[in-house]
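Any value given below was found using the heavy atoms of this structure, including those in side chains, with hydrogens, waters and symmetry copies removed. Remember, it's 1-based here, ligands and their atoms both numbered in the order they're listed. Quantities reported herein were computed from a predicted structural model and do not represent experimental measurements.
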Amino acid sequence: MTNTYDAIVVGGGHNGLTAAAYLARAGLHTVVLERREIVGGACVTEEIAPGVRASTTSYIASMLRPEVIRDLRLADHGLRMVACEPGLQGVFEDGSVIPWWTDHERTVAEWSRISETDAATFDRVDRRLKHLARYLQGFFLEEPPDVHARGWAKLRETRRLLKRFRTIRGDEITDLASFLTGSLGEFLDRTFESEHIKRMYLANNVYGMHSPPYRPGTAIGLLFHLLSGGDHDAQGFFGHVIGGMGSITQAMASAARRFGAEIRVEAPVARIIVEDGDARGVVLATGEELRAPTILSNADPKRTFLELVEASDVPEDFRAAIQAIKMAGPCAKVNLALSEEPHWTGMPADADPNRRSLATLVPTLGAAERMYDVAKWGEIPEELWVDCVVASNVDPTLAPEGTHVMTCFVQYVPYALHGSTWDEERDRLGKNVIDTIGRYAPNVPGSVTAMDVLTPLDLERTYGLTEGNIFHGDLNIEQLFFMRPVPGWANFATPIRGLYLCGAGVHPGGGVTGAPGYAASHKVLRDLKKR
Ligand SMILES: Cc1cc2nc3c(=O)[nH]c(=O)nc-3n(C[C@H](O)[C@H](O)[C@H](O)COP(=O)(O)OP(=O)(O)OC[C@H]3O[C@@H](n4cnc5c(N)ncnc54)[C@H](O)[C@@H]3O)c2cc1C
C-alpha cells in the first residue's frame, strides 16, 4: 500500500511535533511517524510504579519558546507550567542549602549572607551576562549565519549580522569572545571567592555537556542558560510542568492534530527512500511505504545519515563529518518512587513545597573535573553529581497522596564502559545515586519503593538517543551555530534534496525549546514557496 503526503516527519519528539504542527497549519498534508508507543521522545511522562508518574528523561522546562507556546496554543491543549522558585538550589555536605531565586535582588540579598563581595559581583555579572545573552537570542529561531554564502547572499548575511550586533560595544565583543572560548572554571575562580557560589554556577552550566569545567569553551553555558523561555519569555526561566514534561508533547501532538497532522506511533522508519538525490518517502520496519516530496528527520544526525539512508546517498566527506560528531553520553537518569518526602539536611523549616522540590548535589569544580576524567576512561565515578527534583511537591497528581516521585539527573557517566557493560552496572549506578542522596537526605534510602535507572545505553535503546547523548550532539563551540550539525550544512537542509533535519542535532541545539522544529519547518515552507 502506498500512502502519499506533502510532508513526512520521522520521529515524534517535541521538535518533530512542533515542525509537524507548523507544516500542517500551513496546509501541508503531514504525517509524524514515531517508533515508540508514545510521542514525546526525551520529553515524556511515564509511569515508573503503579500510580507514580515521572518525567523520565527531561524534567525542567526552561527555554521552551514563547512563540511555539503561543502559535500552537499549547495552553488551550492543556499545557500549564509553574515557575520554579528558586530556579536552582544547592544542597551542600556542610548542611547549607543555598537558593538561587529567580528574582535578582532577592538572590543578591540571599548571597550577601555568604559573601558580601560575591553578592556584589553577582549583581554586576548577572546583569552583564543577561545583556550579552540577548545578542545571541535573535539567532535562536532563525538560521545561523551562513559563512559559506556568496554574492548577494553574502551581502544579505553580512547585513543580518550587522543588524544583530549594531549596538555592541568593544568591551562587549571582548566579553563575548571570552565567554565563547574560555573555561567556566577559570571564569568562576577569577570572579568569585566563595566555593559555594562557584558551585551554584557550576550546577547550572555544564549539564549534558561533554566537558569538564576547566575545559576551554565551557563558559558558553553561562550565556546559553540565560536565553529566554516560558510563557513570558523570561531570561533564566525554570518551570515545573503540571502532569510532567509529557504534558508539553501531549499538547503539541494535540495542536498538530488540530491543524490536520496525522500522528502514528509504533511506526519505526527503517529507511528513507532517495531517488536521484531526492528524498521521496520512507519505508517502515513493517515494509509499509509512505511517499512525500519533503521529509523532516527528528532523529539525530547520526541515526538519520548512518542508519536511515544508504552510504551512497550522501557525499563521502559529509558522511565522515556526521560520523565525527561528538556525542557519547555523558549523563544518566534515576527516577525514584518514594514513600515519603525527602528531608534535606539544612532545609529551612519554613521552606514551601516549591522550594523543597529542588536539590542539586553539586561537587566542587575540582571534583567535577576529576569525575569527568574518571568517566572519560570508561569508569563510573564513585562520587556522583546528582540533580534532584521532587516534582510531586508542586504537582500532587504525579504520585498517590502522601507518596512522592523524585527524578535524579546524573552528570558525567561514560557511554562505553571499560571492562563491563551497562546491563551489568545499571543497579550499581542506581544504588550509588541513592547512597549519595542519603548523605544529604538521610530518610531517602529507606523510603525508595521503586527505582527506574536510565543509563546512557538505556537512553539510546529506549529513547533512540544515539550514544545516549541528550542533545543529539554535544553542545560545544565546535558543534554550535554554523558548525551544527556539521560545517556547511547548518541551515536544516541536507545533501539529499527534500530531506531536512528538525531535531536537537541542528541549530540551536538541545533542550526542550521547540526551536529546531520551529526553524526547520519555516525553512521548509520558505523553500517550498521558492519552488
Ligand atoms: C535524561 C535527560 C534529561 C534531560 N533534561 C532536560 C531538562 O530538564 N530540560 C531540557 O530542556 N532538556 C533536557 N533534556 C534534553 C532534551 O530533552 C532533548 O534535547 C530534547 O527533548 C530533544 O528533542 P527532539 O525532539 O529534538 O528529539 P527526541 O526527543 O530525541 O525525539 C526524537 C524522536 O525520534 C524518534 N525516532 C528516532 N528514530 C526513529 C525512527 N527510525 N523512526 C521513527 N521514530 C524515530 C525517537 O523515538 C524520538 O521520539 C534532557 C534529556 C535527557 C535524555
Enumerated ligand 1 atoms positioned under 4.0 Å from heavy atoms of [X]:
X	result
G41	29 (O), 31 (O), 48 (C), 49 (O)
G510	19 (O)
L33	43 (C), 44 (N)
L465	30 (O), 53 (C)
A299	37 (C), 38 (N)
F471	15 (C), 19 (O)
G503	26 (O)

If we count only N and O atoms by modelled type, under 3.5 Å, do the side chains of [X] and [Y] hold a donor and an acceptor together?
X	Y	answer
N15	T18	no
D387	Q411	no
S357	H240	yes
N335	T56	no
Q250	S247	no

Looking only at distance, does T56 have an N or O less than 3.5 Å from an N or O of ligand 1?
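So ligand 1 has no N or O lying under 3.5 Å from an N or O of T56.
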Could you label the plane-to-plane angle of the H507 and F492 rings as parallel, tilted or perpendicular, counting under 30° as parallel and over 60° as perpendicular?
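Ring orientation of H507 relative to F492: tilted.
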Of all the non-hydrogen atoms in the protein, which one sits nearest to [atom], and at what distance?
atom	result
atom 6 (C) of ligand 1	S58 CB, 3.2 Å
atom 34 (O) of ligand 1	G11 CA, 3.3 Å
atom 40 (C) of ligand 1	V269 N, 3.7 Å
atom 11 (O) of ligand 1	V512 N, 2.8 Å
atom 25 (O) of ligand 1	N15 N, 2.9 Å
atom 9 (N) of ligand 1	I60 O, 2.8 Å
atom 36 (N) of ligand 1	R35 CD, 3.6 Å
atom 38 (N) of ligand 1	R303 CD, 3.4 Å

How does [X] reach ligand 1, by side chain, by backbone, by both or by neither, if only non-hydrogen atoms under 4.0 Å count?
X	answer
H472	side chain
F409	side chain
E307	neither

Among [options], which one puts a heavy atom closest to [atom]?
atom	options	result
atom 3 (C) of ligand 1	V32, T57, I248, V10	T57
atom 33 (C) of ligand 1	G13, G473, A285, A504	G13
atom 17 (O) of ligand 1	G517, A42, P268	A42
atom 24 (P) of ligand 1	D458, N298, V44	N298
atom 19 (O) of ligand 1	V282, L284, I470, V265	I470
atom 46 (C) of ligand 1	R36, R264, E34	E34

Mind checking whether G464 has a heavy atom under 4.0 Å from ligand 1?
no
Please verify whether a non-hydrogen atom of Y207 lies at under 4.0 Å from ligand 1.
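Outside the 4.0 Å threshold, so no.
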Verify whether the ring centers belonging to W100 and Y201 lie closer than 6.0 Å.
yes
Counting N and O atoms only, with roles assigned by atom type, does the side chain of [X] sit under 3.5 Å from a partner on the main chain of [Y], one being a donor and the other an acceptor?
X	Y	answer
T462	L459	no
N469	G329	yes
E478	M483	no
T57	A42	yes

Should the pair E143-R526 be classified as a salt bridge under the 4.0 Å nitrogen-to-oxygen rule?
yes
Ring pair (Phe, Tyr, Trp, His ring centres under 6.0 Å) with Y207: of Y412, F409, F471, only one passes, and it is F409
Are the side chains of C388 and P342 in contact, using a 4.5 Å heavy-atom criterion?
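In short, these two side chains do not touch, never coming nearer than 4.5 Å.
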Could you walk me through whether F305 and F318 satisfy the ring pair (Phe, Tyr, Trp, His ring centres under 6.0 Å) test, starting with their C-alpha distance in whole Å, then the side-chain angles of each, then the deciding distance to 0.1 Å, before giving a yes or no?
CA-CA 9 Å; F305 289 104; F318 175 81; 4.9 Å; yes
Within 6.0 Å of CZ in R80, more than 12 heavy atoms from elsewhere
no
